[in-house]
Every structure is written in structure tokens, then in C-alpha cells.
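Inspection log for the structure reproduced underneath, given as C-alpha cells.
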Number of protein chains: 2
Amino acid sequence: MARAATTSDAFNAVAEPQRRRILVLLKGRERPVNELARALRITQPRTSKHLRVLREVGLVRVREAGQQRLYGLEARGLQPVHEWVIGFEQYWNENFDRLNEYVKKLQQKEHADGKRS
Amino acid sequence: MARAATTSDAFNAVAEPQRRRILVLLKGRERPVNELARALRITQPRTSKHLRVLREVGLVRVREAGQQRLYGLEARGLQPVHEWVIGFEQYWNENFDRLNEYVKKLQQKEHADGKRS
DNA sequence: TTGACATATGCCGATATGGACATATATTTG
DNA sequence: CAAATATATGTCCATATCGGCATATGTCAA
């Protein structure tokens with residue numbers, strides 16, 4: 001077998017730096033391809049290809065506007081990523097460390113109390 | 001130029017399904033390589049390679065324990081991902097839509113009041 | 001219709017990757 | 001030390017990409 005396809009879901013689409021930048025640029029307002037290309041300082045073809053990936057995984061939508069196409073953010077597609085990551089929040093949060101210590105102390109106390117009674 | 005390296009940051013490390021599963025398995029407790037391999041039903045070498053990637057981007061830490069190595073979650077490495085994604089929350093949240101409508105109505109009201117006064 | 005402008009695609013080259021296998025390296029035991 | 005157990009690595013294969021370039025497709029204006 002070979003390398004697994006990587007441009008098939010939001011996680012992979014977002015793994016590409018340029019694509020992340022595109023999404024950031026689309027916050028708030030739609031933009032035509034050339035504008036994005038200029039902003040990112042990359043060629044138009046490359047921009048179109050990234051946009052295609054983003055479109056295929058549902059992170060952007062297109063709207064025809066005369067001779068140009070306006071790309072807009074489809075943020076809902078980022079929810080799976082958010083939900084997955086948020087599942088780890090408690091593990092990096094300082095509060096978690098404190099809670100952990102607290103629980104530890106509590107257990108020691110319980111232990112002591114247990115012995116005592 | 002050629003393809004950009006993809007296993008150099010958390011975003012890319014997490015783009016791989018198996019690696020995501022490994023991280024999930026490491027929530028709460030450390031685990032030796034073989035246990036992970038069995039749980040994921042993938043070969044040990046493959047598991048070690050995924051762990052290497054995760055280690056290089058700082059998402060897991062290793063601890064020698066006799067003849068085995070215990071891998072533990074280093075959730076802090078996921079913060080950049082979380083922070084990036086959270087920046088889009090308002091755009092997918094329904095509340096945002098409601099807030100938007102609310103603001104719009106408020107502005108109309110202000111407008112009306114302005115006219116009236 | 002022709003020309004200018006905006007995008008999308010196809011093709012090629014260089015390289016990164018995931019996976020399977022065999023094997024090297026360590027550590028613990030007998 | 002030798003055997004067993006646990007991991008890490010190197011090699012080979014097939015394929016997925018990213019990027020550049022040339023070019024096809026589509027749209028609007030004169």
C-alpha cells in the first residue's frame with residue numbers, strides 16, 4: 001500500500017500553511033482568486049489549486065460574480081477539528097495541573113483519615 | 001521547488017488519522033509502544049514511526065521504563081492548533097448568526113431613534 | 001468576433017510519506 | 001553469554017503532493 005490520501009478532510013486541508021492563510025483571509029468577506037494570490041504572493045494557479053482542495057472538503061464556497069469567482073469561508077467545516085482538539089484542552093490547561101494536585105492532596109488526606117479511623 | 005515537508009508541526013502531525021488515534025489513546029495515561037500497536041491494530045514499526053513524528057513536534061514525550069518506553073501525551077503542543085481554529089468559532093457558531101441579526105436590528109432601531117430625535 | 005481579463009486544469013519534476021519487512025539496538029532473564 | 005522481549009531504523013515501493021508553466025475555458029467589453 002502507499003501513502004494515504006491527505007487532502008480529503010479538514011484536518012489535512014488545514015495542514016497546509018498557505019491554505020490556512022487563505023482561510024484567514026476569507027474571514028469576514030469573500031474574495032476573488034487573484035486578490036488572494038496577490039495577498040499570499042503565490043501564483044494564481046497555485047491559489048486555484050489550494051482553493052479547490054478547500055472547496056472539496058467544504059471549507060469554502062464559490063460564487064460566480066461576472067468574470068470572477070468569489071470565494072467565501074465555510075467555517076462550519078472546521079468544527080470537526082475544533083471538537084477533536086477541544087477534547088485535549090483539559091490536558092494542557094494549567095487548571096488541570098492544579099486540579100490534579102488538588103486531587104492528589106485530597107487522596108493523601110483521605111488515606112490519612114482512613115488510617116486514623 | 002518541491003513538496004513542502006509536512007511532518008514538521010502539530011497541524012501536520014495531527015493530519016494523520018492514526019496519529020490522532022494515538023494521541024487519544026494517550027489521554028490520561030502513558031502507554032508502551034506495543035500496547036498502542038495492538039490497540040490500533042497496526043504493526044509495531046509503523047507505530048514507532050508515528051510516535052517519532054509526534055515526538056519531534058512535541059506532542060508526546062517518552063520515558064524509559066526497563067525494556068519498554070512509555071509514551072505520554074504532551075497536550076500543550078496542541079494549543080497552536082486550538083488557537084488557530086478557535087479564531088473561526090464565531091463564524092460557524094449559530095450564536096454568531098443570532099448575534100448578527102440582533103446587531104442588525106439594534107442598528108435599525110438606533111437609526112429609527114436617531115431620525116425620531 | 002476579437003481582445004483583455006479571471007480562473008481552472010493538465011503535465012512534469014522533485015520529494016515527502018505511509019506501509020511492509022528485515023534487522024539493528026537495548027534491556028531483562030536464566 | 002544466550003535467549004527472549006521491546007523498540008527503533010533502514011530500505012524499497014507506490015503514490016500523493018506542492019510548485020511552476022503552458023494552456024484551456026469562461027466572461028465582459030468594444
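Within 3.5 Å, no donor on the side chain of B:Gln44 pairs with an acceptor on the base of D:dA6, nor the reverse.
Residue-to-nucleotide proximity on DNA chain D shows that, of B:Ser48 and B:Gln67, the 5′-proximal contact is made by B:Gln67. Ranked by how close their nearest DNA chain C nucleotide is to the 5' end, B:Gly66 and A:Arg55 are led by A:Arg55. Across the interface with DNA chain D, nearest-nucleotide mapping of A:Lys49 and A:Glu64 shows A:Lys49 to be the residue nearer the 5′ end.
Minimum atom distance to the side chain of B:His50 is reached by C:dG19, of the listed D:dT27, C:dG19, D:dT7. The side chain of A:Pro45 lies closest to D:dA22, out of D:dA22, C:dA6, D:dT7. Ranking C:dG19, C:dT9, C:dA6 by closeness to the B:Glu16 side chain, first place goes to C:dG19. Relative to the side chain of B:Arg46, the nucleotides D:dG19, C:dA4, C:dG19 differ in distance, and C:dG19 lies closest.
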Check the pair A:Arg21 / A:Gln18 against side chain to side chain donor-acceptor pair (under 3.5 Å), numbers first and verdict last. CA-CA 5 Å; A:Arg21 296 176 62 197; A:Gln18 307 282 29; 3.2 Å; yes
One pair to check against side chain to side chain contact (heavy atoms under 4.5 Å, CB included): B:Tyr91 and A:Leu78. What are the steps and the verdict? CA-CA 10 Å; B:Tyr91 298 99; A:Leu78 286 175; over 6 Å; no
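We find that CD of A:Glu56 is positioned 12 Å from P of C:dA8, with the value rounded to whole Å. As rounded to whole Å, 16 Å separates atom P of C:dA6 from atom CG of A:Leu51. D:dA16 atom P lies 15 Å from atom CG of A:Asp9, rounded to whole Å. Atom C1' of nucleotide C:dA6 and atom CZ of A:Arg63 are separated by 15 Å, given to the nearest angstrom. The separation between B:Leu54 atom CG and D:dA8 atom P is 12 Å, rounded to whole Å. Taking atom CZ on B:Arg41 and atom C1' on C:dG18, their separation rounds to 20 Å, with Å as the unit. Rounded to whole angstrom, the span from the CZ atom of A:Arg52 across to the P atom of C:dA6 amounts to 22 Å. Computed from coordinates, the B:Ile42 CD1 to D:dA8 P distance equals 13 Å when rounded to whole Å.
Aromatic ring pairs are classed by plane angle as parallel below 30°, tilted from 30° to 60° and perpendicular above 60°; the pair A:His82 and B:Trp92 is tilted.
Of the possible donor and acceptor atoms, none in the side chain of B:Arg69 sits under 3.5 Å from a partner among the backbone N and O of B:Val62.
For B:Arg69, no side-chain nitrogen or oxygen approaches OP1 or OP2 of D:dA6 to under 4.0 Å. For C:dA8, the OP1/OP2 oxygens have a side-chain nitrogen or oxygen of A:Tyr71 closer than 4.0 Å. Residue A:Gln68 places no side-chain N or O under 4.0 Å from the OP1 or OP2 atom of D:dT27. OP1 and OP2 of D:dT5 both lie 4.0 Å or more from every side-chain N or O belonging to B:Asn34. The phosphate of C:dG18 (OP1 or OP2) has no side-chain N or O of B:Gln18 nearer than 4.0 angstrom.
Hydrophobic clustering (side-chain heavy atoms under 4.5 Å, transitive across Ile, Leu, Val, Met, Phe, Trp, Tyr) groups B:Val85 together with B:Val24.
Side-chain contact check for B:Glu30 versus B:Arg61: some heavy-atom pair is nearer than 4.5 Å.
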